[in-house]
Structure formats: C-alpha cells, structure tokens
Asks: 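Dropping the structure in here first, questions after.
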Amino acid sequence: MRFDEQTKIGHIWADPSGRKVLLKHLPYLEGNPYLSFMKMRTLPMLAESDQTFAWPPGLLEAILAELASLAPAPTEDSVPAAAKDYESPATPIASAKVVYPQETEKWGVFEAELRGPRHGNPFVDVELSAEFACGEDGRVVRVPGFYDGDGVYRLRFMPDAEGKWSFVTRSNARSLDRIGGQWTCVPAAAGNRGPVRVRNTFHFAYANGDSYIPVGTTCYAWTHQGRELEEQTLRTLADSPFNKLRMCAFPKFYQYNEDEPELYPFEGSPEEGWDFARFRPEFFRHLENRIADLGRLGIEADLILFHPYDRWGFSEMKPWADDLYLRYATARLAAFRNIWWSLANEYDLMWSKEEADWERFARIVTENDPYGHLISIHNCFKFYDYSRPWITHCSVQRIDVYRTAENANDWREQWRKPVVVDECAYEGNIDLGWGNITGQEMVRRFWEGAVRGGYVGHGETYLHPDDILWWSKGGRLHGTSPARIAFLRKIMEEGPAQGLDPLKSEWDAPSAGVQDEHYLFYYGFNQPSYRSFRMKPGIRYKVEVIDTWNMTIDRLPEPYEGTFRIELPGRPYMAIRMTRV
C-alpha cells in the first residue's frame, strides 16, 4: 500500500521500510509503551498531539515525502488449508489408538486422546471433530478437536446431562475418522455447579440454579510470570473475595510489564518471527492448567483473546492467523466450565481490527463453543454495541474519569443485559489517573455499582521495586479494598435471590432490592447524621445500619413501620438495610 497523510501509523510501522523511515526521524517510538495508542493515529494527528517530542517546521512534510517514495511492500496472505489427501487410501479407517475415561462428572471435562499421524503440519492439514450423543434425550452435540503435538489429538466435551453418552469422530485423516465410543456421565461432584449463565436479564446464575455474583479482579499477564510468582498469585486468590479473574491469553508489553515470557503461543522467536500456522502446545497446556487451577478455587476465568499491548506481533496477525488461533483456542478451552470469552481488552486500541473483524471473531468463537459460555468485548474510549445478539453481558471500562459505576443503571436500561464494570480504575499509586485511586474510592465504586444493579471489578496498581503490580503480574495484594469488597460480597449474597435491582431512589441516595421486601440504601461520600423514611403502612422492617468501610452491621432494636427516622453516625460510606419482617 502507498503511504500518505491518511495512513494509520500502524500500517507504516508494519512495513519494514516504513518503520525504518519512522525511526530515522522519530527514534523515541522504539520500545515506547504507548506505541499501541500511536498506531491508531495518522502522522498529522501524532504531530498535533505529541507532547514529548517537539516537531520542528517541515519535519512532517519530510517524513511524508520520504514515505511516499517507498515502493509498496509485497503482501503475503497465503491461507493454509486442510489437506485433501492427508493419508493414503491404504490407511485403514479408524485405525488410530484412542483412550478415554468410562465416567465423567456432569459439567466436567471428558477427554478422548487419539494417537495419530504427525507428518506435514497437523495443525492445519488435519480436520478433526466428533459428534456426542446423549442416549437419554437424543441430543447430538458437535465438538471440534485439536492437535496437541507429538502425534496426539484430543477431543474435549463438557456433558450437561447424566446418563449414557456416545461419540463418533469425523476427520479428513482416515486413521482418525469414524472412531467411536461410549461412556457414562455421573452426578457432579461437590462444588461443581456448572458454567455461569445470564439469569433474570441483568444477573447471573450457575447452571445448577445457584446465584452467581461476580466479584472480579484483574491480573492481565499472571500466567506469563513463571511458576513461583504464579503459585503465589493462586495462594493470594485463594484468600481473596474474588470469584472472577480477567486475564490475557497472549503475553503483555506495557509499563511495569516489560519482561519476556517463558513460553510463546507459536513456533518461532521474537528475533526471527513466528509461524502462525504452527502452535506451541506447551504454551496452551500451561494456559489451560492455570484455568483449571482457577476452577478449583471457584474462580471464573474471563479470558481476553486479543489485546493491543504487544511487541511480538500477536495483535497484528493476518486475518487467517486470527481465525486459526480462535478455532484452536476454543477447541482446547471451551470444555472448561469456568471459562468466559472476552474478545478483546480495549478493542478500540487495536488499529488493525475493524468492526467486521470483531463480528467475525464472535461468530468463530460462538460456533466452536457448543456450551454457550458467556462472551463480551471490552472498550477503552468507545463502547461496543452491546445490543449485538452474540454479546451476553456488558464488559465496561468507564469512559468518564470521575463518573464510573454510577452509570450502571443507565447502561442496564440501554442494553438490557447484565452490566459488569470490569475497569472502574485501580487502587494504587502509579502516576496515571486510572491507577491511583484510594481503597476507599474503590470500595465506594463497588457499592455504587451494586445499588445501581451492576457488578464492579477490582484492580490494584501499587508501585513495587520489582514492578510486580497485581493488575498485570499478580503476586500479593497490598491494598485496603479487598477486605471491604469481601464484606460487600457477603451482603449481596444475603440479598434477594434474584439479585439487587435498582429501586426508586431519593435524589441524593441510590437504593436497590425488591419493592416492599428488601431495601439497601447507600450514602457514599455523604455523611448524614440521620435519615427519615416514609414506607408503605402495614409492612414492618428489620433495620440495620452498615458501616461499609469499618465493616460493621448494627441491628436496630425494634421493627419499623410507616414513617420513621434512623439515626446515623454522621460519617461517610454508610448504608442502611431494611428487610421485611
């Protein structure tokens, strides 16, 4: 392509000759942690907004002229396809060895291992799937398989009904085709409540019917830190209130996160480039083992499939490579009951993807996930259209510096879906405004979101001598908000079974609950010394005064009815809970 003043910097950077010109004139771009943001812009936009580099007169024109003189780089976009005759006609049908369990629990992972051919490139040359049939109700579920290296192929399936099941494979490799088997799905073990689904439009529940209240945190790159730090992160999570974790599949490059990962998702190297048609199974085995670790802790893995904070080229792959990666990842991971799909973290920072790409990605993931796991997409500056039918819930980053969770009710009404404010800013002390709110402010935002019918997510960015910030690398928590978030989680779990829905509120104090049955009023940074109420006559209420920061609940001595006054201590972060007697 020809470069001009309308060309995104990302396209110039992706061209070796174009990158050379940029670095000749703008050497500060090399290794810049904000390069992801810059790639979205054109050179005139960068010249106008750049505050770190003074553009002398004529520089913009000189760069554009030099770029315009470049010959267009040849484009290579050969799309790999499955082999039509991968094995010779002499290969017996269904001759591959297969091993599988005779029993799998409901919502567990049934896995069949097949020993098959390894010549060529089985990642793209071989197509493998299976049809699973339930003898109890006659259903048939198609599941994609995947190549796991060293001649090993796997089929994973999450059964949702007890009883007899059977399967039969389909493949273009004769030895893998028409292999069948039978097994039994037994009752779910203790603690196995199945995958999470949307319930009552705005809330969530496990497949067994138990309510699920998402209390999430963020550790973007925790699975790329090595065993010692990863194990420490798991120990921290085990003692935390969090039951959902936002995490990236790919490694991350950004401030406080410049380490090289131990494992890469593709064959190749940062120096020599990547073969996007050949996956590294050990990378994905490590990822799925960590997802299973989270499952054992009762934590949902909100897996981010793409993100812009990248120096390896994983955010700028060709469309065929994007699609191949998504099919491989869903084939490996969809059978885990605790998986959620997040197509992207800050999708609108990914300069090489357009809306048509995200819609195609959504189609690939949902078509290859027969279990209907929760799926969404996360924004930076601009909301995605959450009314799209494939989106199960809104994964929101606040777009206003100060008004964050206070918008939850408006977003509910706009999109008629659960609202998860996955990023309301982080408790910490770094220099950036999104990462230096106090623990008190984090807790306030959690409460504001809860009484407005939404669910708020946590993150922590306290400076560390080794740059081990929880929000990216995990490790230990240092803030004051997690204990108070645990306190809120308990109050929410004690609330209405259908979830907290916004109720008609006084002008300065939001409330949530169920009309005439359960009320939760929150006063935030206000500090009233009392509140007066006019409730419906004939209904008596137990009243409790809650100090959300000091984590105390004072039950008042008598039931209240009609018009009454409740005394408060005159300090901020107080709440009142009323439950019908």
Side-chain angles (χ1 to χ4, degrees), residues 107 129 139-144 158 160 194-207 209 211-212 214 216 244 246 249 300-307 319 322-323 325-327 329-331 333-350 353-399 407-423 452-455 457 498-499 501-502:
W107 301 309
S129 64
R139 280 182 301 132
V140 176
V141 182
R142 182 191 172 277
V143 171
M158 181 182 71
D160 62 355
V196 174
R197 310 289 191 211
V198 172
R199 184 171 71 177
N200 297 333
T201 306
F202 301 114
H203 304 290
F204 301 94
Y206 293 101
S211 295
Y212 171 75
K244 184 172 85 74
R246 295 181 68 229
E300 303 294 302
D302 194 354
L303 185 67
I304 298 165
L305 295 167
F306 291 101
H307 69 82
D322 290 334
D323 297 357
Y325 153 67
L326 289 175
R327 292 190 179 96
T330 49
L333 302 174
F336 289 86
R337 62 178 173 271
N338 66 316
I339 197 81
W340 296 23
W341 307 116
S342 178
L343 287 193
N345 181 65
E346 299 180 337
Y347 82 94
D348 46 334
L349 296 189
M350 299 192 67
K353 315 297 185 198
E354 305 295 342
E355 182 177 313
D357 296 305
W358 298 117
E359 292 296 307
R360 185 179 79 255
F361 297 164
R363 184 169 61 253
I364 291 171
V365 172
T366 54
E367 287 177 353
N368 287 277
D369 174 8
Y371 319 105
H373 286 294
L374 297 172
I375 179 171
S376 192
I377 186 169
H378 175 81
N379 66 288
C380 183
F381 300 114
K382 180 183 177 183
F383 289 133
Y384 205 83
D385 180 5
Y386 291 112
S387 65
R388 298 293 172 90
W390 59 267
I391 297 178
T392 58
H393 64 286
C394 310
S395 175
V396 171
Q397 177 176 181
R398 50 93 184 95
I399 57 175
N407 286 316
N409 192 20
D410 294 337
W411 293 331
R412 278 174 40 126
E413 294 306 312
Q414 179 179 354
W415 292 304
R416 305 296 299 172
K417 291 178 180 178
V419 170
V420 183
V421 187
D422 277 313
E423 193 170 336
R452 298 175 192 274
Y455 301 94
Q498 64 265 45
D501 289 308

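Side-chain atoms are counted along with the backbone in the values below, which use heavy atoms only and exclude waters and symmetry mates.
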Asks: Restricting to side-chain hydrogen bond (donor to acceptor under 3.5 Å, both in side chains), what partner residues turn up for D160, sequence neighbours left out?
Replies: R139
Asks: Out of the candidates Y325, Y347, W341, only one should pair with F306 under the ring pair (Phe, Tyr, Trp, His ring centres under 6.0 Å) rule; please name it.
Replies: Y325
Asks: Determine, using ring centers only, whether F383 and W411 are less than 6.0 Å apart.
Replies: yes
Asks: Find out whether the Lys NZ or Arg CZ of K417 is both under 6.0 angstrom from the six-membered ring centre of Y386 and within 45° of the ring's axis.
Replies: no
Asks: A side-chain contact here means heavy atoms from C-beta on lying under 4.5 Å apart; do I375 and T366 qualify?
Replies: yes
Asks: Anything under 30° is parallel, anything over 60° is perpendicular, the rest tilted; go ahead and classify Y212 against W340.
Replies: perpendicular
Asks: Could you walk me through whether D501 and R412 pass side chain to side chain contact (heavy atoms under 4.5 Å, CB included), step by step?
Replies: CA-CA 10 Å; D501 289 308; R412 278 174 40 126; 3.0 Å; yes
Asks: Determine whether K244 and V196 make a side-chain contact, defined as any pair of heavy atoms from C-beta on separated by less than 4.5 Å.
Replies: no
Asks: Measure the shortest side-chain to side-chain distance between C380 and Q397 over non-hydrogen atoms and say whether it is less than 4.5 angstrom.
Replies: yes
Asks: Between S395 and D422, do the side chains contain an N or O donor and an N or O acceptor separated by less than 3.5 Å?
Replies: yes
Asks: Would you say that L305 contacts V365 through its side chain, given a criterion of any heavy-atom pair below 4.5 Å between the two side chains?
Replies: yes
Asks: After noting the C-alpha distance and the side-chain angles of L374 and F204, does the key distance pass the side chain to side chain contact (heavy atoms under 4.5 Å, CB included) rule?
Replies: CA-CA 10 Å; L374 297 172; F204 301 94; 3.9 Å; yes
